[in-house]
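These notes concern the structure reproduced below.
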Number of protein chains: 2
Amino acid sequence: MEPSTREKLLEVAEARFAQRGFAGVGMREVALAAGLGKSSLFHHFPSKAELYVAVLERVIARIEAHLLPALARPGDATAQIERTVDALIDALAEHPSTARLLLRSLVEDDAFAAGEPPELAAVEARLAALVGRFTALLGAPDAVQTLIGATVYHFASGEFGEAVLGGPLFSAEAVARRKREVKALLLHGLAAPASAPKENAPS
Amino acid sequence: MEPSTREKLLEVAEARFAQRGFAGVGMREVALAAGLGKSSLFHHFPSKAELYVAVLERVIARIEAHLLPALARPGDATAQIERTVDALIDALAEHPSTARLLLRSLVEDDAFAAGEPPELAAVEARLAALVGRFTALLGAPDAVQTLIGATVYHFASGEFGEAVLGGPLFSAEAVARRKREVKALLLHGLAAPASAPKENAPS
DNA sequence: GTCTATACTACGATAGAC
DNA sequence: GTCTATCGTAGTATAGAC
């Protein structure tokens, strides 16, 4: 079964937005790349902002599909952290646009000059909910920032990241290596020395 | 001594580019914010791309001013890592636009549709040189990616990062905390377990 | 649901007066 | 060195035929 026109438009728009950001992509470009005329795109999405939010909804849904099951399963803190980090990295590695769009949405929050679409608030709320789960799991908010940097930034880093690594970002071997690295980081590096003294740290 | 017109333009452009990216900022907007007409801006910078690169040059120079002295001083690996991480974080914390522009330059490498200005290659070379120094210092390329995520992403994360932390990113206390966190991470977390074991390309 | 045609605005960039 | 005026293009968005 071939994808619907709407799905194809979302696919094309996601790749473009991930590569050049909200302001850097034109509706004409998206429509033509999907094999439509510019005006037909406005039939499916009433504005550029709504197209962008629809793309973001797909991204957050993809991440939730990996993370929510991992977060739901019981276990001690260590096992949950390992499972959740694996799930997060699987989610980011699944599609090369995911991490980029996520990173952009964190940094380009004011991309809409005026009148954000109402669905955007819902996407942000779902994202904040996931962050809350991570904060509860890791204890320290600083560790959440580090985790995001070690995962979302990493898989969003594109050509630059590949130049740093001297190899691909999304190969199975590179993804497995990043899982090991991040888990070792959180379990043996962060937990003890840097975060505990100031606030209450769960043990 | 008041700043020259060129300096004021660079200041204004830096803030705007950091907030909304290359494509999201218009020349008219920059000029008016600096108290000039749009055409006067083209007298100082012959194109938007050259304005952007001039902004990036300031950013990389600022980072080099902190990092190169720290890298030049002798000492054992641990002391050098501590010194260099402190210098990197000082550089990123000095000006709230620095990390954002740096992160954008990593992710928006293809923002120029056609004909990049030649100065851009020089900026990228200086950035790559710094990355090379870090790779030599830390040993593992993966650790460099993690370090960038833990520092550049962190100070670029803006409102989202402040929501995660539940407090400011750039306060003296938050900056000092990040220094402790990143150093503990690299010295006690990463170095031993995750990077060394074996393997390069399984092919 | 897709098309052509169009409205209106903003874009980057240039020319030339002062 | 700054200005006004203008060029050509592309931006989002709408109207209406088919």
Side-chain angles (χ1 to χ4, degrees), chain A residues 1-56 104 108 110-120, chain B residues 1-56 104-105 108-120:
Chain A
M1 169 176 150
E2 53 196 75
S4 70
T5 304
R6 182 188 164 92
E7 278 165 350
K8 182 158 197 171
L9 283 169
L10 285 170
E11 205 79 28
V12 167
E14 175 173 338
R16 297 297 200 280
F17 282 138
Q19 211 173 6
R20 292 201 293 282
F22 178 77
V25 178
M27 294 294 267
R28 171 196 156 108
E29 173 190 354
V30 172
L32 292 186
L36 265 69
K38 179 178 58 166
S39 296
S40 305
L41 174 50
F42 281 91
H43 173 79
H44 295 272
F45 300 94
S47 76
K48 185 185 180 182
E50 300 214 33
L51 170 62
Y52 187 70
V53 172
V55 168
L56 284 189
R104 282 195 191 279
E108 289 182 22
D110 59 333
F112 311 102
E116 320 189 332
E119 298 92 336
L120 180 62
Chain B
M1 163 171 119
E2 54 196 73
S4 71
T5 304
R6 182 188 165 93
E7 279 165 350
K8 182 158 194 170
L9 284 168
L10 286 170
E11 204 81 26
V12 167
E14 175 172 339
R16 296 297 201 280
F17 282 138
Q19 210 173 7
R20 291 201 295 283
F22 179 77
V25 178
M27 294 295 267
R28 171 195 155 109
E29 172 190 354
V30 172
L32 292 186
L36 266 70
K38 180 176 62 163
S39 296
S40 305
L41 174 50
F42 280 91
H43 173 79
H44 295 272
F45 300 94
S47 76
K48 185 184 182 183
E50 299 215 33
L51 170 62
Y52 187 69
V53 172
V55 168
L56 284 188
R104 282 196 191 279
S105 80
E108 289 182 22
D109 40 16
D110 60 332
F112 311 101
E116 319 188 332
E119 299 92 336
L120 180 63

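Just so we're on the same page: letters track the sequence lines, and every chain starts at 1. All values derive from a computational prediction rather than experimental measurement.
Side-chain atoms of A/K48 come within 3.5 Å of backbone N or O of A/V25 as a donor-acceptor pair. A distance-only check finds a donor-acceptor pair linking the side chain of B/R104 to the backbone of B/Q19 [under 3.5 Å].
The two atoms that bring B/E108 and B/F22 nearest to each other are OE1-N, 3.6 Å, heavy atoms only. The two residues B/V30 and B/V12 have their closest heavy-atom pair at O-CG1, 3.7 Å. Scanning both residues, A/A54 and A/R6, for their nearest heavy atoms gives CB-NH2, 4.5 Å.
Dashed line: the shortest gap from a side-chain N or O of A/H44 to OP1 or OP2 of C/dT2 is under 4.0 Å. Residue A/S40 places none of its side-chain N or O atoms closer than 4.0 Å to OP1 or OP2 of C/dG1.
A heavy atom closer than 4.0 Å to some atom of DNA chain C occurs in no member of residues 3-20 of chain B.
Regarding A/L32, its CG atom lies at a distance of 9 Å from the P atom of C/dC3, rounded to whole Å. The nearest whole Å value for the distance from the CG atom in B/L36 to the P atom in D/dT2 is 5 Å.
We find the CG-NZ distance between A/L10 and A/K8 to be 13.0 Å, quoted to the nearest 0.5 Å. Interatomic distance, B/S39 OG to B/M27 CE, rounded to the nearest 0.5 Å: 10.0 Å.
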Item to check | Under 4.0 Å protein heavy-atom contacts per nucleotide of nucleotides 7-18 of chain D, with B for base, S for backbone only and - for none | outcome: ----SBBBB---
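When the side-chain contact (heavy atoms from CB on, under 4.5 Å) test is applied to B/S47, the partners found at least two apart in sequence or on another chain are B/A49, B/E50.
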